[in-house]
Amino acid sequence: MNESVPHRDFVRQVVEEDLRTGKWDGKVQTRFPPEPNGYLHIGHAKSICLNFGIAEEYNGLCNLRFDDTNPEKEDTEYVDSIRDDVRWLGFDWDDRQFYASDYFQQLYDWAEELIRRDCAYVCSLPPDEISGGRGTASKPGINSPFRDRSVEENLDLFRRMKAGEFPDGAHVLRAKIDMAHPHMLLRDPIMYRIRHIEHHRTGSEWCIYPTYDYAHGQSDSIEGITHSICTLEFENHRPLYDWYCDALGIHHPQQIEFNRLNLTHTVMSKRRLLELVQEGHVSGWDDPRMPSLRGLRRRGYTPEAVRAFCRAAGVTKHNATLDIGVLENHLREDLNRRAERRMAVLDPIKVVITNYPEDQAEELDAVNNPEDTAAGSRKVPFSRELWIERDDFHEDPPKKFFRLAPGREVRLRWAYFITCTDFVKDDDGRVTEIHCTYDPETLGGDAPDGRKVKATLHWVSAQHAVAAEVRLYDHLFFREDPDDFDDPSLDWKSGLNPDSLNVVKEARLEPALAAAREGDLIQFERLGYFCVDSDSTAENPVFNRTVTLRDQWAKSQKQK
RNA sequence: UACCCCGUGGUGUAAUGGUAGCACAACAGAUUCUGGUUCUGUUUGUCGGGGUUCGAGUCCCUGCGGGGUAACCA
C-alpha cells in the first residue's frame with residue numbers, strides 16, 4: 001500500500017465509484033439511524049465514524065435520525081443521551097436531526113397507495129397464525145384467508161385501524177408479495193401493527209405504527225440518502241428495502257452492509273448491557289467498565305482515541321472480533337502524547353532517608369510531559385519520610401528484579417539516588433519500613449562519578465501527600481468470549497470478572513494532584529493513565545485508572 | 001433445514017488476474033531519570049479438491065468451515 005494513497009474500505013470505494021460515474025449527481029448523503037431505546041456503545045461509534053466520516057471526506061452530509069417506530073421501548077431519555085454521545089465523539093449534524101416519526105403521515109399515505117394498487121392488505125389472523133402461515137425454511141407458506149380482500153374493504157379496515165376502532169393485535173397491514181418466496185422475509189411482511197400506546201414524540205396521535213422494514217428505506221428516501229450504511233444483519237432485509245422503494249417508485253438509496261464491531265472480554269448487545277445494569281453487576285450505563293460511550297468517557301477514554309480505533313478496526317463484510325488490547329493501545333498512544341505526568345503511590349510502604357535532616361524539605365523540579373516540552377514542569381516536595389510502592393521493594397529480590405532491595409541503589413524520580421541500608425518487619429513478617437541513605441550529589445538524577453542505577457522509582461513525600469480513592473478497573477469479563485464455556489449450566493454472566501473493580505481507599509498522591517479536575521488527562525508515573533471520576537469531591541478525591549502502562553516486568557511475572 | 005453473507009499469519013486488514021504487504025500481538029536487541037516512550041530485527045498466512053489462464057488469494061465448479069436471518073423488535 002502506498003503511504004500517500006490511504007486505503008479505502010469497500011464502502012468508500014462504492015462512494016468513490018458513484019462520485020466518478022455521477023450516479024447521485026455528485027451528492028453524498030448518509031445518516032446515522034439509532035433507535036432511541038438504549039445507550040450508544042463502542043460498536044455504534046464505528047457506525048458513527050463511518051457515516052459521519054464518509055460525509056466529511058466526500059463533501060457530503062450526514063443526518064442524525066432516530067428510528068422511533070416502536071413506542072414500547074423508546075424514550076426521550078435515550079434521545080438526549082445519544083445526541084450527547086455523538087457530539088462527544090466529535091460529530092455534528094447541524095439542523096439535520098430527524099425522526100422516523102416525522103414521516104408517519106407520509107408513510108401512512110404511501111400505505112394507502114399500496115393498498116389501492118393491490119400491493120397490501122389487512123390481515124386479521126392472530127399473531128400465531130400469521131407466523132404459522134408463513135411456513136418454514138423448507139416449506140412454503142400458505143396464503144392468508146384475508147389476502148384477497150377488496151381494495152375498498154382493505155382501505156376501510158386500514159382507516160379504522162388508524163382511527164383506533166380495533167384493539168392491539170386485531171389486524172395488521174401486510175405487503176402482498178409471495179407466500180411461497182424462498183426468502184422468508186418476503187412472505188407478505190407486516191407493514192403496520194396496532195399499538196395503543198403513547199409515543200415519546202407523537203403522543204396518542206397514532207395507534208398504528210410502521211415496522212422497521214416498512215419505515216426505514218422510505219425514511220432514507222425522504223431524506224435523499226444516497227448510501228444507506230448498516231450492519232451485516234440487515235443484509236437479509238435489503239430485498240425488502242428495495243421492494244418498498246421500487247413499489248412506491250420513490251428515490252431509492254443504496255443499502256450497503258458492513259461488519260459490526262466485536263471486542264474480546266466484553267459484551268455489546270443492548271439487551272445484555274441493560275441486564276448488567278439492571279442486575280447491579282455494574283453501577284450504571286456510565287460504569288467505567290461498560291463499553292458504552294458514557295462508560296468509556298467516564299473511564300477516561302478520549303474521543304480521539306475512540307475515533308482512531310474505529311478507523312483502524314477496518315470495514316469489511318466478515319465478522320471480526322478485535323482484541324480489546326487494540327482499543328487500549330490506541331488510547332495509550334493518544335494519552336502518552338497528551339497526559340501530564342504526576343506521581344502517586346497506590347500501595348504505600350514507608351521509606352526513611354536516615355541521613356536526610358528531620359525538619360528539612362525541598363522543592364524539586366519535575367517535568368510534566370516528556371513528550372511535550374510545552375507542558376513545562378512543576379515542583380515536587382521531598383523530605384525525610386517518603387512513600388514508595390510496596391512492589392518496588394524486595395527483601396530477597398528475584399532474578400531480573402531491578403528495583404530496591406537491601407544494599408541496592410536506585411533512583412527516585414526527579415530526586416536522588418538512595419541505597420537501602422535496612423528494613424523493619426512486623427510480627428507477621430510483613431515489611432513495614434525501609435531505611436535508606438541518599439547521595440546529595442545525585443540531585444538532578446545522575447551521579448557525578450558516572451555510576452548507574454538500574455531502576456527509577458516514583459515516590460511521594462509522606463508529610464505532603466494527598467490522600468485519595470483510586471479505582472482500578474480491569475476487563476469486565478475474564479474470558480475472551482463470554483459465551484465460550486463448556487458447562488451448560490452456566491451462562492454468559494458466569495464469565496464476569498470478579499476483579500474488574502479494585503478500590504484503593506488510601507492512595508498517596510503528590511500535592512499537585514489536589515488541583516486535578518474532571519477531564520484532566522493524567523499519567524501516574526510507572527502505573528498508568530488516570531482521570532478524575534465524577535464521584536470525586538474536594539474532601540474525597542476519586543481517580544479512575546483509565547488504562548495501565550505497558551509493563552514488561554508485570555508481564556514476565558504473570559507468565560511464571 | 002431454506003435464503004443470504006463471509007473464509008488471507010495469533011488478531012485485524014491490503015493486494016481489484018502479475019513480487020502475498022501493513023498494523024497490533026509475540027519474540028530478540030538498542031536507547032531511555034517511567035521495566036513507559038522511541039528505534040531495529042525475527043517468527044507466523046491465502047480452508048481443501050478440481051478447473052480456466054503464460055500466470056489465480058483474486059475468475060469458475062465443488063466440498064468443508066464460520067456467521068446472519070427465519071419477531072406484529074430494530
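Proteins get letters first, then strands, A, B, ... in listed order; numbering begins at 1 in each.
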Practice task
Check whether any side-chain N or O of A/Arg526 sits under 4.0 Å from OP1 or OP2 of B/G35, and answer yes or no.
Solution key: yes
Problem - Aromatic contact, A/Phe98 with A/Phe66 (centres under 6.0 Å) - result: no
Exercise for the section: Would you indicate, yes or no, if B/C73 has its OP1 or OP2 atom less than 4.0 angstrom from a side-chain nitrogen or oxygen of A/Arg195? Expected result: yes
Exercise for the section: Give one of base, sugar-phosphate or nothing for A/Glu371, where a contact means two heavy atoms less than 4.0 Å apart. Expected result: base
Exercise for the section: May I ask you to evaluate whether A/Arg260 reaches the phosphate of B/G67, defined as a side-chain N or O under 4.0 Å from OP1 or OP2? Expected result: no
Exercise for the section: For B/A26, take OP1 and OP2 only and decide whether either is under 4.0 Å from a side-chain N or O of A/Lys555. Expected result: yes
Practice task
May I ask you to say what A/Asn259 touches in the nucleic acid, namely base, sugar-phosphate or nothing, with a heavy-atom cut-off under 4.0 Å?
Solution key: sugar-phosphate
Problem - Set of side chain to side chain contact (heavy atoms under 4.5 Å, CB included) partners for A/Thr456, sequence neighbours left out - result: A/Arg411, A/Arg413
Fill in the blank from the handout: Value for CG (A/Asn154) from CD1 (A/Ile115), rounded to nearest 0.5 Å, stands at 5.5 Å
Practice task
Quick one: look up who B/G65 pairs with, Watson-Crick or G-U, both distances under 3.5 Å, and put none if it's unpaired.
Solution key: B/C6
Exercise for the section: Could you tell me whether A/Thr456 contacts a base, only the sugar-phosphate backbone, or nothing, with contacts defined as non-hydrogen atoms closer than 4.0 Å? Expected result: base
Exercise for the section: Considering just the side-chain nitrogens and oxygens of A/His318, establish if one lies under 4.0 Å of OP1 or OP2 belonging to B/G68. Expected result: no
Exercise for the section: Look at all strands and tell whether A/Phe401 reaches a base, only sugar-phosphate, or nothing, counting heavy atoms closer than 4.0 Å. Expected result: base
Exercise for the section: Identify whether any heavy atom of A/Arg187 sits under 4.0 Å from a base atom; if not, whether one sits that close to sugar-phosphate; answer base, sugar-phosphate or nothing. Expected result: nothing
Exercise for the section: Give a yes/no on whether any side-chain N or O of A/Gln552 is located under 4.0 angstrom from OP1 or OP2 of B/G36. Expected result: yes
Practice task
Tell me whether the OP1 or OP2 atom of B/U11 has a side-chain N or O from A/Asn262 closer than 4.0 Å.
Solution key: no
